Structures are given as structure tokens and as C-alpha cells.
Undergrad: 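Next up is a structure, given as C-alpha cells.
Predicted model only: the values in this text are computed from it and were never measured.
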Amino acid sequence: METDPGFIAAVEEARQGQAEGGVPIGACLVSKDGKILGRGHNMRFQKGSATLHGEISALENSGRLPASAYEGATMYTTLSPCDMCTGACILYKVKRVVVGENNNFLGGEEYLKSRGIEVVVLQNEECIKLMTDFIREKPELWNEDIAV
């Protein structure tokens, strides 16, 4: 799965977020037939947004689509999704969430599973390092991002 185009795009987005000085979390939404619908990264600090996490950014960048376009899709994300992003995946009937890592943050994975969504955790070394470095270097921004 680490070679899936959706996961590669999510990691590229996380790197972009890091390069912009933001939280290095990327995401990519891929339709059930393998088409990338949207990709994005956490833009809370870059855009002064309260809600623009990586998964929300990917959804935003997929544009206005009919509900059927999201149903059965896979959300690739470099970090375990927070409650807001978990809810968005449930709302849009995403079938599977592929998580780069959950060492640095454990989000709503169990809730996703309880709602019938497959969750795959990769524990990808690059994803772990991106977040570990960010949390160490910018703990105040990290705490703001997760509402601590």
C-alpha cells in the first residue's frame, strides 16, 4: 500500500505542508475505481483556518461531487484522523482509510471500524519522522492543531 498512488500523493502533500511551515499532514481521496478525486495538506496556519486539516483539504480540493463519487472511496492520510476528519470520512461514506502512522497521534480509528470502515495502519517511517520532528520543533503549533 505504500506504493499506491493515493498514499504517495498523501506523503507528497505532507512534505509540501512541512515546506510551507505548517503541520506535515497530507491526504488523498481516491475513488473506488482508482481515480484521485482530491489531495491536500493541513493548511490551518497557512490559511488561518480552524478546520483545514489534511483530510478536509483533500475533500475540499475534490470539489463539489455527487455523494456517489465519495461512496466506496479510500482516504489516504499520513496521520491517524482526528474526530473532525473521522466524521467527514463517515459522512461521505468512505469505505477505507489508510493511515500512514498512529504513533504520534491516535485518532478515531476504532470509531471508523465500528461504522464499518476498513482501517489500515502502515506505520510508515517517513510519516512518523515528519510528525515526530514537527512536534519536537513546534509543540505549540501541534497543540493548537489538536485543540489542546
Side-chain angles (χ1 to χ4, degrees), residues 1-47 49-135 137-138 141-142 145-146:
M1 279 197 191
E2 293 183 49
T3 59
D4 287 358
F7 184 70
I8 291 168
V11 173
E12 289 171 352
E13 290 290 334
R15 290 183 198 132
Q16 180 66 32
Q18 179 187 42
E20 294 170 358
V23 184
I25 301 171
C28 182
L29 184 66
V30 177
S31 70
K32 59 186 162 201
D33 62 358
K35 178 185 173 202
I36 290 179
L37 298 174
R39 53 187 281 176
H41 54 277
N42 186 304
M43 298 282 291
R44 286 192 70 245
F45 303 109
Q46 297 92 314
K47 295 213 173 195
S49 170
T51 59
L52 214 46
H53 283 188
E55 298 88 340
I56 303 302
S57 181
L59 285 163
E60 178 71 19
N61 291 331
S62 38
R64 184 177 170 199
L65 299 172
S68 61
Y70 303 107
E71 193 168 347
T74 297
M75 178 67 80
Y76 293 88
T77 179
T78 58
L79 186 68
S80 185
C82 72
D83 290 343
M84 177 177 63
C85 297
T86 293
C89 289
I90 292 167
L91 176 68
Y92 288 105
K93 297 180 176 61
V94 168
K95 178 182 177 183
R96 179 172 63 156
V97 176
V98 177
V99 177
E101 69 107 342
N102 64 7
N103 287 349
N104 285 293
F105 179 80
L106 179 60
E109 294 172 27
E110 290 305 314
Y111 187 53
L112 288 167
K113 291 176 191 176
S114 78
R115 297 296 299 265
I117 297 171
E118 177 187 1
V119 176
V120 178
V121 181
L122 302 176
Q123 300 303 24
N124 175 272
E125 289 183 27
E126 182 176 2
C127 294
I128 293 169
K129 182 170 178 15
L130 281 167
M131 284 309 302
T132 300
D133 291 350
F134 178 79
I135 292 167
E137 293 165 10
K138 300 179 179 179
L141 294 183
W142 172 241
D145 193 65
I146 58 171

Undergrad: Between Gln16 and Glu12, do the side chains contain a donor N or O and an acceptor N or O under 3.5 Å apart?
TA: no

Undergrad: Have a look at His41 and tell me which of Arg15, Gln46, Gln18 forms a side chain to side chain contact (heavy atoms under 4.5 Å, CB included) with it.
TA: Gln46

Undergrad: Without hydrogens or angle criteria, can the side chains of Gln123 and Asn102 be said to hold a donor-acceptor pair below 3.5 Å?
TA: yes

Undergrad: When you measure from the side chain of Arg44 to the backbone N and O of Ser49, does any donor-acceptor pair fall under 3.5 Å?
TA: yes

Undergrad: Evaluate the side-chain proximity of Glu101 to Met131: yes if any heavy-atom separation is below 4.5 Å, no if none is.
TA: yes

Undergrad: Tell me whether Phe45 at atom CZ has more than 12 heavy atoms from other residues, nucleotides or ligands lying less than 6.0 Å away.
TA: yes

Undergrad: Specify the closest pair of heavy atoms between Tyr111 and Ser114, including all atoms of both residues, with the distance to one decimal.
TA: O-OG, 2.8 Å

Undergrad: Mind checking whether Arg96 and Val120 have side chains closer than 4.5 Å, heavy atoms only?
TA: yes

Undergrad: Looking at CG of Leu65 and OH of Tyr70, how far apart are the two atoms once the value is rounded to the nearest 0.5 Å?
TA: 4.0 Å

Undergrad: For the CG atom of Leu59 and the CZ atom of Arg64, what is their distance to the nearest 0.5 Å?
TA: 15.0 Å

Undergrad: Ignoring hydrogens, what is the shortest heavy-atom contact between Met43 and Ser57? Give both atom names and the distance.
TA: CG-OG, 4.4 Å

Undergrad: Would Thr74 and Glu118 satisfy side chain to side chain contact (heavy atoms under 4.5 Å, CB included), going step by step from the backbone distance to the final call?
TA: CA-CA 9 Å; Thr74 297; Glu118 177 187 1; over 6 Å; no

Undergrad: Throw together a table of side-chain donor-acceptor distances under 3.5 angstrom for residues 79-89, partners on residues two or more places apart or in other chains.
TA:
residue, atom, partner, partner atom, Å
Ser80, OG, Gly107, N, 2.7
Ser80, OG, Glu109, OE2, 2.6
Thr86, OG1, Pro81, O, 3.3
Thr86, OG1, Cys82, O, 2.8

Undergrad: Can you give me the closest heavy-atom contact between Glu55 and Thr77, atom names plus distance?
TA: OE2-OG1, 2.8 Å

Undergrad: In plain terms, say whether Glu126 and Lys129 are close enough for a salt bridge, that is, a side-chain N and a carboxylate O under 4.0 Å apart.
TA: no

Undergrad: Side chain to side chain contact (heavy atoms under 4.5 Å, CB included) for Ile25 and His53? Distances and angles first, verdict last.
TA: CA-CA 8 Å; Ile25 301 171; His53 283 188; over 6 Å; no

Undergrad: Going from CG on Leu122 to CD on Glu2, what distance comes out if it is rounded to the nearest 0.5 angstrom?
TA: 5.0 Å

Undergrad: Measuring from Ile8:CD1 to Glu13:CD, what's the distance to the nearest 0.5 Å?
TA: 13.0 Å

Undergrad: Taking all non-hydrogen atoms of both residues into account, name the closest pair between Cys28 and Gly6 and its distance.
TA: CB-O, 3.3 Å

Undergrad: Just do the side chain to side chain contact (heavy atoms under 4.5 Å, CB included) check on Thr3 and Phe7 with the steps written out, would you?
TA: CA-CA 7 Å; Thr3 59; Phe7 184 70; over 6 Å; no

Undergrad: Report the distance from atom OG1 of Thr51 to atom CG of Asn42, rounding to the nearest 0.5 Å.
TA: 10.0 Å

Undergrad: Taking Asn61 for the side chain and Arg39 for the main chain, is one N or O donor matched with an acceptor at less than 3.5 Å?
TA: yes

Undergrad: Is there a side chain to side chain contact (heavy atoms under 4.5 Å, CB included) between Phe134 and Asn104 once you walk through the steps?
TA: CA-CA 10 Å; Phe134 178 79; Asn104 285 293; over 6 Å; no

Undergrad: Work out which heavy atom in Ala10 is nearest to a heavy atom in Thr78; give both atom names and the distance.
TA: O-CG2, 3.5 Å

Undergrad: Just verifying a value: how many Å separate Arg115 CZ and Leu91 CG, rounded to the nearest 0.5 Å?
TA: 9.5 Å

Undergrad: For residues Val30 and Tyr76, report the shortest heavy-atom separation together with the two atoms involved.
TA: CG2-CE1, 3.7 Å

Undergrad: More than 12 heavy atoms of other residues, nucleotides or ligands under 6.0 Å from NZ of Lys47: yes or no?
TA: no

